[in-house]
Amino acid sequence: MRHWPGKTAFRTGLCAAFCSTFLAIALNAEQRTDTPQAQADVLSIGGSVTEIIAALGQAHRLKARDTTSSYPPSVANLPDVGYMRALSPEGVLSVGPSLILSEEGAGPPQALDVIRAANIELVEVPDALSVAGILRKIEIVGEALAVPERAAGLMAEVEADLVAALADAERPENGKRRVLFVLSTQGGKINASGTGTAADALIRMAGGVNAVSGYEGYKQITDEAVGLAAPDVILMMDRGGDHGLADEELFAMPAVRLTPAAQTRSIVRMDGLLMLGFGPRTAQAVQMLNDALYAKGT
């Protein structure tokens, strides 16, 4: 039988080309199934938890989020299951998560009981008002997402940024400005932060003094109490509704108009999640508030 001299080489080359093409197709198919949509399995409840997930490079895992999760901006495109303290089991279960990462305080408790009964893994991330607390939040989220190495790297970065921001914000006690955090002005009454809140912690981190220390948490206070607090600066969230009262209206309020802050028209407005979230961007919040409080070297 007559043999074609290049026949074997031709077959070998054809086989190699076919195998190479097949392998490329298989790899492309695998990559297509490894898309963010295919991997999405996490419901994040709480703005700081969502920020941590994104900072860990795991935003593609997010299947849905709650209303308080507004950063990074891309999460706005995700389904919203509602406010974290007023969740409905139906809304949560409708998005079909296999893992729920939630800030401490989500609820109501009855809703969480129904969700747990559905055999969905739910990891609660404790609140934090300190550097150590923020790092622990990152660690817990990293463990839940099975990316402990990334969490360790993020923790080191966040800790370094916080240490630098806190050192920069240090001031002698007699040089610190008194800050009144106003949560809302509903009904013409000042709802202000006492001690033990995220606002109180941030004010102290940024080198200020909380002008109100006679109670814990947030509550409405009298006009007289505002006057006695004698704030040098008013701090508010930069948002609408009761939280977004215009400067003119705020400084015209009887409770505020005789304070040192009103006399110098000193008000600082910051993004609520950045200011109160105590997540990966807290060093930025500390630096921003410190800069705002002492911009003129006072």
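Computed from a predicted structure; not experimentally measured. These values consider heavy atoms only, across backbone and side chains, with no hydrogens, waters or symmetry-generated copies.
Hydrophobic clustering (side-chain heavy atoms under 4.5 Å, transitive across Ile, Leu, Val, Met, Phe, Trp, Tyr) groups V123 together with L62. Tracing side-chain contacts under 4.5 Å through hydrophobic residues (I, L, V, M, F, W, Y), one reaches V141 starting from V75; they form part of the same cluster. Under the 4.5 Å side-chain heavy-atom criterion for Ile, Leu, Val, Met, Phe, Trp and Tyr, L258 and V256 are members of distinct hydrophobic clusters. Cluster membership for L87 and L99, using ILVMFWY side-chain heavy atoms within less than 4.5 angstrom, is not shared. With hydrophobic clusters built from ILVMFWY side chains whose heavy atoms lie under 4.5 angstrom apart, V286 shares a cluster with L154.
Of the possible polar contacts, one joining the R150 side chain to the L56 backbone as a donor-acceptor pair under 3.5 Å is found. Between the N290 side chain and the A206 main chain, a donor and an acceptor come within less than 3.5 Å of each other. At distances below 3.5 Å, not a single donor-acceptor pair connects side-chain atoms of S266 with backbone N or O atoms of A262. Of the possible polar contacts, none joining the Q220 side chain to the G187 backbone as a donor-acceptor pair under 3.5 Å is found. Judged by distance alone, with hydrogens and angles left aside, the side-chain atoms of D80 form a donor-acceptor pair with the main-chain N or O of T67 at under 3.5 Å. K63 places a side-chain N or O within 3.5 Å of a backbone atom of G96 that can act as its donor or acceptor partner. Remark: the backbone N or O of S184 is not paired with any side-chain donor or acceptor of Y218 at under 3.5 angstrom. Put simply, the side chain of T259 never gets that close to the backbone of A255: no donor and acceptor are under 3.5 Å apart.
Annotation: the span from K176 atom NZ to E170 atom CD amounts to 8.5 Å, rounded to 0.5 Å. In this structure, CG on L145 lies 12.0 Å from CD1 on I140, to the nearest 0.5 angstrom. For the atom pair L162 CG and F278 CZ, the distance stands at 9.0 Å (nearest 0.5 Å). Rounded to the nearest 0.5 Å, atoms CG (D223) and CD1 (I190) are 8.0 Å apart. Once rounded to the nearest 0.5 Å, the distance linking CD1 of I134 with CD1 of I52 reads 8.5 Å. Once rounded to the nearest 0.5 Å, the distance linking OG1 of T222 with NZ of K189 reads 7.5 Å.
You'll find the side chain of M155 reaches within 4.5 Å of the side chain of L135, heavy atoms only. Side chains of V268 and V179 form no contact here, defined as non-hydrogen atoms less than 4.5 Å apart. Within the 4.5 Å cutoff, no side-chain heavy atoms of T197 are placed close to those of F181. Between S44 and I100 the shortest side-chain heavy-atom distance does not fall below 4.5 Å. Considering only heavy atoms from C-beta on, D271 stays 4.5 Å or farther from M275 through its side chain. You'll find the side chain of T50 stays beyond 4.5 Å of the side chain of Y71, heavy atoms only. Taking 4.5 Å as the limit, some side-chain heavy atom of L101 sits within range of a side-chain heavy atom of V42. Counting heavy atoms from C-beta outward, L273 and R281 have side chains that approach closer than 4.5 Å.
Under a 4.5 Å side-chain heavy-atom criterion applied to ILVMFWY residues, the cluster that includes V163 comprises that residue alone.
Applying the salt bridge (Lys or Arg N to Asp or Glu O under 4.0 Å) rule to D41 yields the partners R61; only residues at least two apart in sequence or on another chain are considered. P79 pairs by the side chain to side chain contact (heavy atoms under 4.5 Å, CB included) definition with A64, V95, not counting sequence neighbours. Applying the side chain to side chain contact (heavy atoms under 4.5 Å, CB included) rule to T195 yields the partners D200, S213, E216; only residues at least two apart in sequence or on another chain are considered. Scanning for side chain to side chain contact (heavy atoms under 4.5 Å, CB included) contacts around D247 gives F251, R265, I267, R269, with sequence neighbours left out. With sequence neighbours left out, D161 forms a side chain to side chain contact (heavy atoms under 4.5 Å, CB included) with E157, A283.
When all heavy atoms of R65 and L43 are compared, the closest pair comes out as N-CD1, 3.7 Å. Residue A151 comes nearest to G142 through the heavy atom pair CB-CA, 3.8 Å, listed as atom of the first residue, atom of the second, then distance. The shortest heavy-atom contact between L293 and R177 is O-NH1, 2.8 Å. Nearest heavy-atom pair across G194 and N210 is O-ND2, 2.9 Å. For the pair L129 and A201, the tightest heavy-atom approach, listed with the atom from each and the gap, is O-CB, 3.8 Å. Closest heavy-atom contact between D66 and G82: CB-O, 3.2 Å.
In this model, a donor atom of one side chain and an acceptor atom of the other lie less than 3.5 Å apart for S48 and E103. For the residue pair D168 and Q287, a side-chain donor N or O sits within less than 3.5 Å of a side-chain acceptor on the partner.
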- Task: In sequence, state the C-alpha distance, the side-chain angles, and the governing distance for L183 and M237, and then conclude on side-chain contact (heavy atoms from CB on, under 4.5 Å).
- Result: CA-CA 7 Å; L183 179 65; M237 286 187 281; 3.6 Å; yes

- side-chain contact (heavy atoms from CB on, under 4.5 Å) between R204 and V209: does it pass, once the steps are laid out? CA-CA 6 Å; R204 289 185 285 105; V209 173; over 6 Å; no

- Task: Please test V92 against V114 for side-chain contact (heavy atoms from CB on, under 4.5 Å), starting from the C-alpha separation and ending with a verdict.
- Result: CA-CA 10 Å; V92 169; V114 174; over 6 Å; no

- Criterion side-chain contact (heavy atoms from CB on, under 4.5 Å) on T185 and M253, from CA distance to verdict: CA-CA 10 Å; T185 56; M253 292 180 67; 4.0 Å; yes

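Exactly one residue among V233, L202, L274 makes a side chain to side chain contact (heavy atoms under 4.5 Å, CB included) with L289. That residue is L202.
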